[in-house]
2 protein chains.
Amino acid sequence: MPAITSRKEIIFREAARLFKEKGYNSSTLRGLANKAGIKGGSIYHHYSSKQEILYLIMEYTMTNLINRVQLAIKDETDPLQKLRKAITFHIEYHTIDTNETYVTDAELRSLDVENYKKIVKMRNTYEKIYRDILLEGNATEQMRIDNIKTASRALLQMCTGVSYWFNPNGKQPISQIAENYVELFLWGICGKTGAVQAALQN
Amino acid sequence: MPAITSRKEIIFREAARLFKEKGYNSSTLRGLANKAGIKGGSIYHHYSSKQEILYLIMEYTMTNLINRVQLAIKDETDPLQKLRKAITFHIEYHTIDTNETYVTDAELRSLDVENYKKIVKMRNTYEKIYRDILLEGNATEQMRIDNIKTASRALLQMCTGVSYWFNPNGKQPISQIAENYVELFLWGICGKTGAVQAALQN
DNA sequence: GTCTATATCGGGATAGAC
DNA sequence: GTCTATCCCGATATAGAC
């Protein structure tokens, strides 16, 4: 979205908030218009349908995810560092555009067939970036992953979940939560016990 | 649900399937009746409202989750073994009652206030079982977890995700996928590399 | 660019026959 | 226990005035 907050952008943001709160189908255009400070019919001056608004939210989100994760890892060569940067980006972005990412994650079902295909394609592109990092890590033997597809799905599922409960006013800053997740995914809950660390000292 | 497949049970199962496919609000009682082999109005002989069906699906699911996970771990004393059993149960149950668990996970928003409170309470009960295992593991120093709440959420989020993509006709049996997840959560993607294993041999 | 008024449709729920 | 018929409401989308 452009920097200047036009009415069109207000509708966009409020739609994401509303769709997250009530779900796409339970959200009404009257309710959305009300939040945007206009009447129901006026929405059609800015968007051609409710479906279009949903699609644009998802397209915006997927475009950002793909472009920005590539930016985040572009200067790294080490797979471990790439993964750290990618995970951290994923979690942080999901807490910045919380509403948009939530809707993108939860409302795939509500898309028309054509729109569905486009978004799924973008999602595959995004997931492949993570799979490729894991593959590299296996190749350098810095990682050991039996099943790349399962592991990348588990990773993204786990990280996306942060945005469901993250409270920006809470005690823990998001950077620290992201670091928790990185450590958890890299080392598990047993890999950093005293016994392992002692052994690694040798 | 009772063993005998009554019409009431058919409606219940078809509702879970339909709500998963289209979402609660996009599902119609006429469509549900059609799947159950009756006409729309006849549903009200078995259930008092659409909302009641949703609530019963969730109550059934949470009751099963709570009771069965306790059964699964009751003979174990070792926190690591408890966790293995609990994770395996969680994943396997989500692929048995896939539709019911999916709906329970995705349609909290669609519950009435009163029903919402009851289900959230049950979900907290369920999550506490996992948190307690992690706490025990920290106490015995078999695990090392900085943030129990974050870790348990990450775990459940990750495991629940299996049911979104698991294909019972695929190559991998669910028991093997569950084992992948257990290993991933316990050791991460780095904890089982050659370097660590060599160090642990000493 | 926003308003009001309205066309049109479909869904949840009920009533009463069989 | 299931059917048909229907009530009632609310939602998307459109038309035309300002």
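This structure is a prediction, so every number in the text was calculated from the model and none was measured. Labels below follow one simple rule: chain letters A, B, ... track the order of the sequence lines, proteins then strands, and each chain is numbered from 1.
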Next on the checklist: Using only atom types and a distance under 3.5 Å, with no angle test, would you say the side chain of R13(A) pairs donor to acceptor with the backbone of K8(A)?
Outcome noted: no

Checklist entry - How would you list all residue pairs meeting side-chain hydrogen bond (donor to acceptor under 3.5 Å, both in side chains) that involve residues 147-160 of chain B, not counting sequence neighbours? => result Q172(A)-N147(B), H90(B)-T160(B), N147(B)-T150(B)

Checklist entry - Would you call D132(B) and K128(B) a salt bridge, taking side-chain N to carboxylate O under 4.0 Å as the test? => result yes

Next on the checklist: Without decimals, in angstroms, what is the distance between Q51(B) CD and dA13(C) P?
Outcome noted: 9 Å

Checklist outcome for this item: So, with a heavy-atom separation below 4.0 Å from DNA chain C, the residues of residues 27-38 of chain A are I38(A)

Checklist entry - With a 4.0 Å cut-off on heavy atoms, is K50(A) in touch with a base, just the backbone sugar-phosphate, or nothing at all? => result sugar-phosphate

Checklist entry - With distance as the sole test, does E107(A) use its side chain to make a donor-acceptor pair with the main-chain N or O of Y24(A) at under 3.5 Å? => result yes

Next on the checklist: Please report the distance, rounded to the nearest Å, between CG in N25(B) and C1' in dG10(C).
Outcome noted: 13 Å

Checklist entry - Rounded to the nearest 0.5 Å, what separation is found between the CE atom of M62(B) and the OG1 atom of T101(B)? => result 10.5 Å

Item to check | Contact boundaries on DNA chain D for chain A, cut-off under 4.0 Å to non-hydrogen atoms | outcome: dA11(D) to dT14(D)

Next on the checklist: Which residue in the set R84(B), K85(B), K82(B) passes salt bridge (Lys or Arg N to Asp or Glu O under 4.0 Å) when paired with E76(B)?
Outcome noted: K85(B)

Checklist entry - Should we count NZ of K22(A) as having more than 12 external heavy atoms under 6.0 Å? => result no

Next on the checklist: Do Q142(A) and T140(A) pair up side chain to side chain, a donor and an acceptor below 3.5 Å, judged on atom types alone?
Outcome noted: yes

Checklist outcome for this item: To the nearest angstrom, the OH-P distance between Y47(B) and dG12(C) comes to 16 Å

Checklist entry - DNA chain D: S26(A) or S42(A), which has the more 5' nearest nucleotide? => result S26(A)

